[in-house]
Amino acid sequence: MLRSPDLSGALEAHGRPAVTDAVRTVFSSLRRTIAADPKAASAETGDAAIAQRVIAVLEALSKPSLVPVFNLTGTVLHTNLGRAPLPAAAIEAMVQAASACNLEYDLETGKRGDRDSHLEPLLKRLTGAEAATVVNNNAAAVLLVLNTLAQGREVLVSRGELIEIGGAFRIPDIMARAGCTLREVGTTNRTHLSDFADNIGENTALIMKVHASNYAIEGFTTAPEEAELAVLAHENGVPFVNDLGSGALADLSNYGLPHEPMPAEVLADGADLVTFSGDKLLGGPQAGLIVGQADLIAKVRKNPMKRAMRLDKVTIAALEATLQLYTDPARLAERLPTIGLLSRPTADIAAVAERMCPVVATKLEAVATVEIITCRSQIGSGSLPVDRLDSAALSIRPRQQGRGEGRILTQITEAFRNLPSPVIGRVQDGALVFDLRCLADEAAFASQLNQLDLR
Ligand SMILES: *Cc1c(COP(=O)(O)O)cnc(C)c1O
């Protein structure tokens, strides 16, 4: 088969080892087919037929696994879809940094430098912190802070804040792995300052506040003011650490969004260290940011675990470029996709729906009806869990109602998912719903609809 002219193009494109492997794969599958049904032999064993299968195997293997998708789920920061779409400036910076770069090299002195130096000045400027460091994600930031400051000792946390967020990040488990003992105080709905005061002792390493990212406790609730907790911690000579989860580097109310606590605010309220994510509301790459007191940051940096969690040059480049955008808040919505999408005017989204509805309806003519509906987008990634943003969507409903309706809906959903740039929506009340808040490139969306495979 390797000498077959039918495979010369494949050899050129994929190289001999890959083609050989693919031929073997096809041969063994053929052997199984023929063993089960000897009559299949003549139809499938011609060179051309085999070559065709070999090429199909090679193409399937060389297709990238990670591909861009259209996130029309209505959840803007969708963890399964890669959270924040990066700003153009960050993408450009990633490409630049991909070559040799001054990652740990001081261009002034010609000596060894520090990779935090690319981010620390910006983070200090944006949060008012004395110092800052960065790791792979916020889960790592929390683990590292706890391990550095509280290994072998107790950490006080309110019972109302023992959160689990997606992907098995649970505060009690992280505490255990960090080597500290969780000391729960108060109750699920009400925790008072005195609950912390009564539990603080010899073995207390720190007081921790965890932002209830993905849920809200409503009704008969109380929690101590952060400023009071900070005072209590400091009176007892221990740090007060605040895991903000998402955190926002800009005041979101300036963009018509609900206010989300800012690292600068919680530092001003007395937090000694604050941890937050790079790819939630901040809108950058996956990263965990730690800002606060210089002496504590210095300890965190010295922890050998920090080395195991350090950021690579490409992520540092993306984060630096993203942070840089925050120095000009007036143009943030225009430049940072996360803020742009979250603050996108409803009328703008409705106009997208008006343009896209007939296009999609024509393609699905035979199987489904398409109508414009109003809907509400979520922010996602545990940010502002109860707030919803007015939006517009396409609702795609199988023409056939009753029997077979569900199967057709599944087929339509799969057909969109199988496009070169898969389109991901959500199924709701018997319809496939595409929330158009995050549709930016309408031409790219429309042009691939010709390839919809609706058997
Ligand atoms: C999201 C979140 C984390 C984990 O952050 P990642 O960047 O996803 O690792 C930790 N704590 C809180 C409160 C969060 O909301």
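As a basis for the values below, the full set of heavy atoms in this structure was taken, side chains included, without hydrogen atoms, waters or symmetry mates. This chain uses plain numbering: 1 for the first residue, then up along the sequence. Note that ligands are numbered from 1 as they come in the structure, with each ligand's atoms numbered from 1 the same way.
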- [ ] Using distance alone, decide if ligand 1 has a nitrogen or oxygen within less than 3.5 Å of any nitrogen or oxygen in Ser246.
- [x] no

Open item on the list: Is the distance from the ring center of Phe416 to that of Phe434 below 6.0 Å?
Closed with: yes

Task: Atom indices of ligand 1, in the order listed, that fall short of 4.0 Å to a heavy atom of Phe169 - done: 10 (C), 11 (N)

Open item on the list: Contact between ligand 1 and Ile163 is defined here as a heavy atom of the residue under 4.0 Å from a ligand atom; is it met?
Closed with: yes

Open item on the list: Would the distance check show the side chain of Glu161 and the main-chain N or O of Val210 forming a donor-acceptor pair, the cut-off being under 3.5 Å?
Closed with: yes

Task: Summary of ring-ring contact (aromatic ring centres under 6.0 Å, His included) pairs that have at least one residue in residues 129-151, sequence neighbours excluded - done: none

Open item on the list: For the 3.5 Å polar cut-off, considering only N or O atoms, please tell me whether Ala139 and ligand 1 meet it.
Closed with: yes

- [ ] Identify, by atom number and element, the atoms of ligand 1 in contact range of His211, meaning under 4.0 Å from any of its heavy atoms.
- [x] 13 (C)

Task: All side chain to side chain donor-acceptor pair (under 3.5 Å) counterparts of Glu120, not counting sequence neighbours - done: Arg301

TODO: Check whether NZ of the Lys or CZ of the Arg Arg112 lies under 6.0 Å from the centre of the six-membered ring of Tyr105 and within 45 degrees of that ring's axis.
DONE: no

- [ ] Report the member of Arg83, Glu161, Lys280 with the shortest heavy-atom distance to atom 8 (O) of ligand 1.
- [x] Arg83

